[in-house]
Amino acid sequence: MFNKILIANRGEIACRVIQTAHRMGIKCVAVYSEADRNARHVAMADEAFLLGPAPSSESYLRADKIIEICKQSGAQAVHPGYGFLSENTGFAEALEANGITFIGPPSSAIAAMGSKSAAKEIMSHASVPLVPGYHGDDQDPALLRVEAEKCGFPLLLKAVAGGGGKGMRVVEQMSEFDEALTSACREAKNAFGNPDMLIEKYLTQPRHVEIQVFCDQDGNGVYLAERDCSVQRRHQKVIEEAPAPGLPDEIRVAMGEAAVRAAQAIDYVGAGTVEFLYDVDGSFYFMEMNTRLQVEHPVTELITGQDLVEWQLRIAHGEGLPLQQDQIRISGHALEARIYAEDPDNDFLPATGTLRYLRTPEENAHVRVDTGVVEGDEVSVYYDPMIAKLIVWDDNRDRAIARMVTALEDYRIGGLKTNTRFLRHLANAQPFKDEDLDTGFIEKHRELLFPANNIDTQRNLAITAAYLLESQKAAAFVAGDPYSPFSRQNSWRMNSQYARPMTLIHGDDSHDLRILEQQDHYQISVDGADYQVSASLNDDALQVMINGHRLTVHLFQHNDSITLFHEGEQFSCELHCERFDGGDESSEGSLTAPMNGAMVAVLVEAGQKVAAGETLVVMEAMKMEHSIKAPCDGTVSDIYFAEGDLVSEGAQLIAVTPDEEA
Ligand code: ADP
């Protein structure tokens with residue numbers, strides 16, 4: 001076996017490969033861009049080398065540098081992951097020329113499948129069924145029109161060099177053909193440098209079913225069952241599962257055998273995926289072959305009990321197939337959900353930002369999380385916005401779905417927009433449970449998947465207020481000030497008639513709260529609605545009793561913004577000091593640290609009366625001083641840090657009780 005390999009990738013797949021390599025006693029070399037200096041894959045590897053600036057063209061696509069690093073580090077083989085250089089024939093050839101093993105198929109096999117039309121030609125000779133249509137070289141628009149007429153409508157124009165759903169157009173009738181052709185060619189030319197199109201009959205309710213194949217270097221091939229990837233948005237996969245629900249055994253075998261024939265027709269070696277469209281009448285058609293490990297490979301691993309990266313490494317090293325076809329068994333059902341930084345409510349627009357808060361479900365025999373990020377990491381514009389893959393397994397599909405729903409509820413991400421709520425509604429949707437699957441699923445069930453929020457705003461605000469009070473108490477306790485009013489059991493009860501005001505802003509609305517602390521609970525009124533709340537905070541988990549209902553919610557605060565998580569739903573609001581009319585959101589007036597830094601001066605004492613705008617404490621961060629000023633006239637009720645203390649962003653520094661309260 002190899003002693004050392006290089007992983008020419010980043011993110012979750014780099015981490016995934018390193019994990020198996022380490023289990024097999026293989027050392028790993030990571031490569032990274034300037035944006036990924038502190039990335040998880042860099043930390044996990046035994047050593048790591050800088051490739052260059054953040055853009056992929058200057059880093060992860062630099063084949064020359066990667067080969068140089070292999071030589072320098074002594075890596076004997078390269079795992080390309082998916083994307084980047086994984087299906088680049090030039091890279092595979094260059095490695096070969098330098099005596100380094102490419103953990104993937106021979107470059108000739110990549111080339112054969114690189115063009116969808118050439119691939120279809122090869123498949124037709126290998127008796128693999130094809131979607132009817134035209135995949136010739138002649139691209140004369142007049143000829144294409146004739147072929148379109150022959151094919152019938154609706155039809156699909158597809159870029160020969162396509163990928164990722166780009167350069168595809170559905171054409172409903174002849175009158176739309178010319179325009180669709182022009183725009184699809186233009187898009188394909190821009191995206192792939194090749195405007196050539198093929199024409200396919202457009203199946204209106206197909207399922208996307210794909211077969212995982214493996215071939216060894218002696219030409220033996222097996223298939224490891226199938227995956228159903230029908231749930232898609234913009235022709236891209238969202239939820240994948242294995243096995244495909246309701247797929248008859250004889251079809252599984254026929255598809256599997258066709259896939260192995262497809263692979264053998266191009267002298268394939270290693271892991272590959274043959275994608276089929278599976279039509280309502282039970283027929284299936286070859287779509288394309290991906291000559292790499294797929295994003296969704298974990299569902300196959302969970303139903304077969306095999307580690308596909310281990311298979312790849314063994315085969316690349318020259319070993320035979322780990323199992324023969326009759327030794328491959330499938331058990332139970334697995335689902336994978338792709339967790340993306342994106343906005344499902346805004347046409348799935350990719351999102352960027354900092355993962356300020358990240359809590360993942362507990363991993364066990366039923367739940368697996370493949371990820372390349374940790375809390376505090378940035379999701380940047382440079383790379384794919386996938387945050388993680390959440391994979392679940394259970395004895396049957398119903399139970400696997402239930403696991404998925406729970407795991408999604410336990411997946412809490414704050415700081416940027418993600419699709420976790422959407423995924424939960426998807427997994428919970430009755431038509432999904434009923435296996436009513438086809439590639440139009442999301443469009444068809446739009447209303448069900450994007451339900452209106454029916455959140456009880458007042459109630460959530462009351463809970464948020466209880467959280468703020470509890471976390472202030474906890475902060476005072478941690479700061480070790482036994483004289484802090486928060487540390488004392490009877491703090492404000494000294495004047496318990498006094499109702500503390502608080503203003504929280506949710507969306508565009510400002511809500512006034514009045515909080516009266518009683519012996520063992522808070523009496524909180526929100527816009528006139530009364531809540532009796534008792535709460536106890538443990539890390540980010542708040543156990544609340546609100547008007548007799550006991551529940552656990554999770555909250556996270558960043559500066560003045562608080563997000564509440566409950567059963568997969570999120571609720572955010574902003575804390576606003578009633579008297580402070582800051583207008584713009586400057587850090588002045590906020591009593592929290594604007595960034596990580598040090599406390600350089602404490603200018604007031606507890607109990608001191610201060611006027612609005614008076615400087616209370618001074619912090620230094622990034623070599624600059626920031627004054628924290630009194631938001632209103634009042635009395636300093638607490639100081640949580642001393643001069644010289646290091647404070648982290650968002651930490652409350654000082655508390656001022658507005659005059660009205662005193
Ligand atoms: P890409 O390589 O860009 O991902 P594919 O050929 O893999 O393109 O197709 C992506 C998706 O488009 C498929 O999963 C399927 O949903 C849809 N699709 C492709 N071909 C057809 C077809 N002939 N009829 C209906 N849908 C299709």
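As the structure is a computational prediction, the values presented were derived from the model and not from experiment. Both backbone and side-chain heavy atoms feed into the values below; hydrogens, waters and symmetry mates do not. Atoms within each ligand, like the ligands themselves, are counted from 1 in listed order.
For Glu12, the side-chain hydrogen bond (donor to acceptor under 3.5 Å, both in side chains) partners are Tyr82, Lys389, not counting sequence neighbours.
Looking from atom 17 (C) of ligand 1 to the surrounding protein, the closest heavy atom is His235 ND1, 3.7 Å. Nearest to atom 7 (O) of ligand 1 among the protein's heavy atoms is Glu288 OE2, 2.9 Å. In terms of protein heavy-atom proximity, atom 16 (O) of ligand 1 is closest to Gln232 OE1, 2.7 Å. Among protein heavy atoms, the minimum distance from atom 3 (O) of ligand 1 is reached at Gly165 N, 2.6 Å. In this structure, atom 2 (O) of ligand 1 lies nearest to the protein heavy atom Lys116 NZ, 2.5 Å. With respect to atom 13 (C) of ligand 1, the closest heavy atom belonging to the protein is Met287 SD, 3.7 Å. Of the protein's non-hydrogen atoms, the one nearest atom 26 (N) of ligand 1 is Tyr202 CE1, 3.6 Å. The protein non-hydrogen atom at the shortest distance from atom 22 (C) of ligand 1 is Leu277 CD1, 3.3 Å.
In the vicinity of Gly163, heavy-atom distances shorter than 4.0 Å reach the ligand 1 atoms 1 (P), 2 (O), 3 (O). For ligand 1 and Lys158, the ligand atoms under 4.0 Å from any heavy atom of the residue are 6 (O), 19 (C), 20 (N). Using a 4.0 Å cut-off to heavy atoms of Met168, the atoms of ligand 1 that qualify are 8 (O), 12 (O). Each of the atoms 7 (O) of ligand 1 lies under 4.0 Å from some heavy atom of Glu275.
Listed by first and then second residue, the ring-ring contact (aromatic ring centres under 6.0 Å, His included) pairs that reach into residues 111-140 come to none, sequence neighbours excluded.
Proximity of Lys201 to ligand 1 is established by a heavy-atom distance of less than 4.0 Å.
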Fill in: Candidate pair His333 and Glu241, rule side chain to side chain contact (heavy atoms under 4.5 Å, CB included), full reasoning
CA-CA 7 Å; His333 197 93; Glu241 55 186 308; 2.7 Å; yes
Practice prompt. I would like to know whether Leu143 and Arg145 meet side chain to side chain contact (heavy atoms under 4.5 Å, CB included); could you show each step before the answer?
Written response: CA-CA 5 Å; Leu143 174 91; Arg145 218 171 306 139; over 6 Å; no
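By the neighbour-count criterion of 12 heavy atoms within 6.0 Å, atom CD of Glu250 is densely surrounded, having more than that number from other residues, nucleotides or ligands. Around the NZ atom of Lys65, the shell of radius 6.0 Å holds more than 12 heavy atoms that belong to other residues, nucleotides or ligands.
Looking at Lys237, Glu200, Arg207, it is Glu200 that brings a heavy atom closest to atom 23 (N) of ligand 1.
Arg16 has a carboxylate O that lies under 4.0 Å from a charged side-chain N of Glu301, or vice versa, which qualifies the two as a salt bridge. Under a 4.0 Å N-O distance rule, the pair Glu296/Arg338 qualifies as a salt bridge. Ionic pairing of Glu342 and Lys417 is not present here: no N-O contact between side-chain nitrogen and carboxylate oxygen is shorter than 4.0 angstrom.
Between the side chains of Arg169 and Ser183, at least one donor-acceptor pair of N or O atoms lies under 3.5 Å.
Between Leu203 and ligand 1, a contact under 3.5 Å exists for at least one N or O pair.
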